[in-house]
S.K.: 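Before I ask anything, let me first share the structure, which is written out below as structure tokens.
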Amino acid sequence: MHSLAAPGNTSPLLHNLNPEQLAAVTLPAEHALILAGAGSGKTRVLTTRIAWLLQNGYVSPGGILAVTFTNKAAKEMKTRLSAMLPVNVNGMWIGTFHGLCNRFLRAHYKNAGLPQAFQILDTQDQLSAIKRLCKQYDIDTERFPPKQLGWFIGNCKEEGLRPKDVVASDPDTRKKVEVYQLYEEQCQREGVVDFGELMLRSYELLRDNTAIREHYQRRFRHILIDEFQDTNKLQYAWIKMIAGQGSDGLLNGGGGAVLAVGDDDQSIYAFRGARVGNMTDFVREFAVQRQIKLEENYRSYSNILDSANALISHNSRRLGKNLRTVQGAGEPVRVYEAPSDFLEAQWMVDEMKQLIRDDVERKEIAVLYRSNAQSRVIETTLFNAAIPYRVYGGLRFFERAEIKHALAYLRLLENPNDDTSFLRVVNFPARGIGTRSIEQLQDLAKATGCSLHDAVSTLSGRPGAVIAGFVAKLDVLREQTAGLNLKDIIKLMLENSGLLEHYRNEREGEDRVENLDELVNAAESFVMQEGFGREAPGMTALVSSPEALTQSPASQGLSGAALDAVPDEFGDTGETLSPLQAFLTHAALEAGDNMAAAGQDAIQLMTVHSSKGLEFDCVFITGMEEGLFPHENSMSDHDGLEEERRLAYVAITRARKRLYLSHSQTRMLHGQTRFNLKSRFFDELPEECLKYLTPKQQPMLAGGGFGSSWGGGGYATNSGAGRAYSTGATGQFGTYSAPQKEVPRKEEPTGLRKGQKVFHTKFGEGTVLTLEGAGDDARAQINFPRHGTKWLALSVAKLTPVP
DNA sequence: AGACCCGGCATTTTT
DNA sequence: TGCCGGGTCT
């Protein structure tokens with residue numbers, strides 16, 4: 001690894017970078033870790049780094065590999081980069097892990113053992129493939145729910161395990177492995193890959209094919225990984241492989257320099273396999289010499305940052321980082337306590353109205369919550385107040401049923417053996433093909449080991465004839481669409497498949513028709529963007545062509561560096577994908593936006609998770625309550641709690657100017673009113689940064705069930721607002737009062753209340769969900785984390801209230 | 001084939 | 001409480 005010349009230039013690229021950013025951008029060509037705090041200009045550093053490397057001729061565009069997690073991030077990187085330099089970013093290897101793996105597998109499909117037109121299964125497709133398989137092989141779906149099987153298979157792949165590699169000690173696991181094996185065979189037969197497969201197969205190809213591996217190791221001189229804290233085990237292994245780094249004999253150390261950019265404090269995806277530990281592993285295994293911390297924050301005022309810093313300081317095993325700003329303290333962080341979730345929403349909407357009156361744009365106001373279910377009250381309240389809002393998440397464009405149907409037809413044009421697509425539309429729109437006929441066909445296909453499509457000719461009788469009719473229809477469509485451009489292919493398919501007609505005739509089908517029209521538009525703009533020729537299909541490839549980089553003469557230094565471009569010994573430049581194939585790939589890898597009210601100036605509603613990477617002038621974080629945030633499922637273990645804290649950290653650091661934290665004493669959840677204590681995270685925030693909009697809740701009186709400031713009185717209803725702040729009397733003793741047997745009182749005959757934590761000698765600690773009856777008949781529904789929800793007779797059960 | 005009903009279930013999400 | 005999926009009824 002050589003050192004790059006000292007920067008010492010006054011290129012406009014480097015203007016306005018702070019010293020740390022500058023250091024990161026101009027790092028020498030060696031492995032490095034950048035700890036990029038929230039709002040520290042991470043994307044800017046990444047893109048400027050690439051631009052700087054290119055501009056100074058340290059690397060050619062083909063020598064760059066830049067990996068992100070989301071298409072959005074990849075797109076952003078490309079946009080910014082092309083704004084800095086006149087370079088063809090579409091030719092560069094900038095993309096998501098899965099997008100790049102797809103590109104890689106397309107280029108080397110033969111070596112990867114895949115058909116050229118392999119299709120990608122999304123999670124829905126995967127699940128239906130598994131369900132189909134379960135039916136076929138009589139898998140007991142009671143014991144092995146398809147969802148779980150899918151989860152199992154996905155996890156195995158993420159661990160880099162093929163069926164033969166899984167250590168199955170118990171019969172259940174053995175069965176699952178068996179299904180995994182069958183699933184693999186099925187996918188292979190049908191020429192489809194799931195998301196995990198894209199990653200795993202790429203990894204294996206690199207691992208097992210020396211020529212290919214060394215080619216890419218030589219080729220990529222600079223490897224940049226965004227959101228490194230979110231990488232899983234397989235992704236990390238893939239990085240090591242492509243960078244030629246590690247203790248493994250396969251790895252020769254001759255690969256490029258890896259620049260890992262991430263923030264351990266913002267690692268919030270452990271539940272889907274993300275390993276923060278990859279950061280420390282990276283430092284060790286790549287013998288990283290330089291770590292740069294970007295701690296200067298350009299987003300928020302210091303009251304907000306100090307709150308975030310204080311909160312996250314309660315986590316252990318951090319790499320260590322403290323955000324700072326040159327901006328002033330700004331406004332205090334506002335804390336609000338509501339009597340009910342309903343009134344919490346009400347207060348919030350009132351506050352928003354004021355903000356809007358003060359000329360804050362609606363899209364600069366965000367409401368963040370821990371779980372999706374919380375959005376309902378807020379939506380209702382906003383709706384009633386006639387304030388436009390937009391909820392993030394939910395169904396995205398390419399996930400809609402009508403779109404999936406249309407895509408299934410298109411996929412069958414490319415690959416008739418795609419059984420998932422075949423089954424999706426063989427009788428949609430209805431053409432008199434019943435379950436029986438399909439089962440017969442499936443049996444035949446299974447017996448011959450061929451696809452459904454290929455089995456059709458062997459199916460006799462009426463069913464055979466009808467299904468053959470469907471196949472013939474597809475064949476005709478394939479003939480008709482040959483040579484047409486993508487837009488016309490789709491139009492013709494929509495008409496001839498009967499999809500459009502079906503939805504036209506359907507009551508309330510207008511939206512679906514509209515979406516199908518939108519599909520045509522999407523295809524057209526895809527063709528434009530990807531630069532496919534207008535008339536001929538197959539002119540350029542979305543994927544492959546790693547060397548086909550248009551180098552603009554205007555960019556200084558590029559041509560010189562491009563000379564060391566790796567010769568392409570694999571002929572992958574020649575592989576082209578038809579616009580249709582490329583579009584189908586695009587649809588699978590990029591589910592598109594969720595379409596709700598996009599573009600409008602509306603209040604933004606989303607989970608904390610989906611807020612990552614975004615920023616707003618005003619942020620409301622709602623439902624900051626024990627059990628909700630931190631979530632009860634994460635509270636039991638240390639790591640889970642720390643992830644919740646990181647989540648809160650992410651949430652807080654979204655706010656630029658004004659931050660509200662709210663919690664409610666009661667909340668409707670699963671149809672039951674729950675009493676919630678305020679989140680422990682409040683206690684971890686610096687008092688001097690906070691402003692209480694409601695009287696500060698007294699420290700909770702532990703034990704006895706009187707922790708809530710509602711006192712010993714009746715249960716809350718949504719109309720009980722008026723009393724909320726006058727009944728704090730029981731809470732004013734800050735000391736712990738030992739649990740004691742209560743003499744039953746009129747108001748609270750059981751001595752228990754909903755939300756109360758109790759201890760049971762057999763089931764351990766649990767939470768009271770419901771109380772019923774009185775006296776000897778009194779019973780409580782209690783949720784025990786380890787044993788589930790139980791109904792217990794209070795006269796019998798030995799329960800002790802716990803703090 | 002389509003409507004309806006009931007029961008189970010209910011962090012977080014991207015590709 | 002509300003949704004979704006599976007099963008059943010017409």
Side-chain angles (χ1 to χ4, degrees), chain A residues 67-74 95-102 120-128 131 141-142 145-147 151 154 157-158 193-200 202 226-227 230-232 234-235 267-274 341-342 368-377 379-380 392-396 398-399 427-436 506-507 585-592 594 606-613 623 627-635 640 643-644 646-648 650-651 667-674 718 769 783 788-789:
Chain A
V67 194
T68 63
F69 271 86
T70 63
N71 292 301
K72 199 177 157 201
T96 63
F97 276 103
H98 294 86
L100 295 172
C101 283
N102 169 63
I120 298 165
L121 297 186
D122 66 16
T123 318
Q124 280 178 44
D125 300 330
Q126 188 195 32
L127 187 64
S128 66
K131 280 183 182 165
T141 49
E142 296 279 286
K147 263 206 192 108
W151 180 81
K157 291 189 180 183
E158 250 170 38
V193 296
D194 60 32
F195 289 130
E197 188 69 23
L198 282 173
M199 251 348 282
L200 181 54
S202 301
D226 192 17
E227 306 279 15
D230 287 338
T231 52
N232 65 32
L234 179 58
Q235 286 158 342
S267 166
I268 56 173
Y269 286 113
F271 70 91
R272 65 175 201 213
D341 51 352
F342 174 75
L368 310 186
Y369 35 82
R370 175 65 238 269
S371 66
N372 286 305
Q374 287 169 255
S375 75
R376 172 163 284 116
V377 217
E379 286 188 65
T380 315
Y392 275 64
L395 258 201
R396 285 161 7 193
F398 287 113
E399 292 167 354
N427 194 37
F428 193 95
R431 46 179 72 89
I433 298 171
T435 354
R436 275 255 36 106
E506 196 182 61
R507 300 174 285 107
T585 301
H586 165 79
L589 287 176
E590 196 163 349
N594 69 332
M606 67 193 82
T607 63
V608 178
H609 279 94
S610 31
S611 76
K612 193 176 163 200
L628 199 58
F629 201 2
H631 196 275
E632 54 190 343
N633 298 357
S634 311
M635 279 163 56
E643 179 136 327
E644 294 290 305
R646 290 193 291 269
L647 210 39
V650 167
R667 185 170 296 277
M668 197 62 143
L669 195 66
H670 310 328
Q672 286 168 331
T673 303
R674 291 185 32 162
N718 284 347
L769 296 179
N783 179 45
T789 304

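Lettering of chains follows the sequences in order, A, B, ..., and the numbering in each one begins at 1.
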S.K.: Hey, where on DNA chain C does chain A first and last touch, going 5' to 3'? Cut-off is any atom under 4.0 Å from a heavy atom.
M.R.: C:dT1 to C:dG6
S.K.: Would you please name every residue forming a salt bridge (Lys or Arg N to Asp or Glu O under 4.0 Å) with A:Asp122, sequence neighbours left out?
M.R.: A:Lys404
S.K.: Going by the glycosidic torsion and a 90 degree boundary from 0, is the base of B:dT11 oriented syn or anti?
M.R.: syn
S.K.: Taking only residues two or more places apart in sequence or in another chain, which ones pass side-chain hydrogen bond (donor to acceptor under 3.5 Å, both in side chains) with A:Arg376?
M.R.: none
S.K.: What residues form a ring pair (Phe, Tyr, Trp, His ring centres under 6.0 Å) with A:Tyr392, not counting sequence neighbours?
M.R.: none
S.K.: Verify the distance criterion only: is there a donor paired with an acceptor across the side chains of A:Thr123 and A:Gln126 at less than 3.5 Å?
M.R.: no
S.K.: Just to verify, what does A:Glu158 make a salt bridge (Lys or Arg N to Asp or Glu O under 4.0 Å) with, not counting sequence neighbours?
M.R.: none
S.K.: Taking salt bridge (Lys or Arg N to Asp or Glu O under 4.0 Å) as the definition, give me every residue that meets it alongside A:Glu227, ordered by chain and number, with sequence neighbours left out.
M.R.: A:Lys42, A:Lys612
S.K.: Please name all residues satisfying ring pair (Phe, Tyr, Trp, His ring centres under 6.0 Å) with A:His609, sequence neighbours left out, ordered by chain then number.
M.R.: A:Tyr269, A:Phe271
S.K.: What distance, rounded to whole Å, do you find between the two P atoms, one in B:dT12 and one in C:dG5?
M.R.: 15 Å
S.K.: Quick one: list whatever passes salt bridge (Lys or Arg N to Asp or Glu O under 4.0 Å) with A:Arg667, sequence neighbours left out.
M.R.: A:Glu344, A:Glu625
S.K.: Got a sec, which residues hit side-chain hydrogen bond (donor to acceptor under 3.5 Å, both in side chains) with A:Ser375, two or more places apart in sequence or on another chain?
M.R.: A:Glu379
S.K.: Would you mind building the protein contact string for nucleotides 10-15 of chain B? One character per nucleotide, 5' to 3', B for base within reach (heavy atoms under 4.0 Å), S for sugar-phosphate only, - for untouched.
M.R.: BBBBBB
S.K.: Give the B/S/- string for nucleotides 1-8 of chain B, one per nucleotide from 5' to 3', where a protein heavy atom under 4.0 Å of the base yields B, of only the sugar-phosphate yields S, and otherwise -.
M.R.: S-S-----
S.K.: Using a 4.0 Å heavy-atom cut-off across all strands, classify A:Lys131 as base, sugar-phosphate, or nothing.
M.R.: sugar-phosphate
S.K.: Taking ring pair (Phe, Tyr, Trp, His ring centres under 6.0 Å) as the definition, give me every residue that meets it alongside A:Phe195, ordered by chain and number, with sequence neighbours left out.
M.R.: A:His98
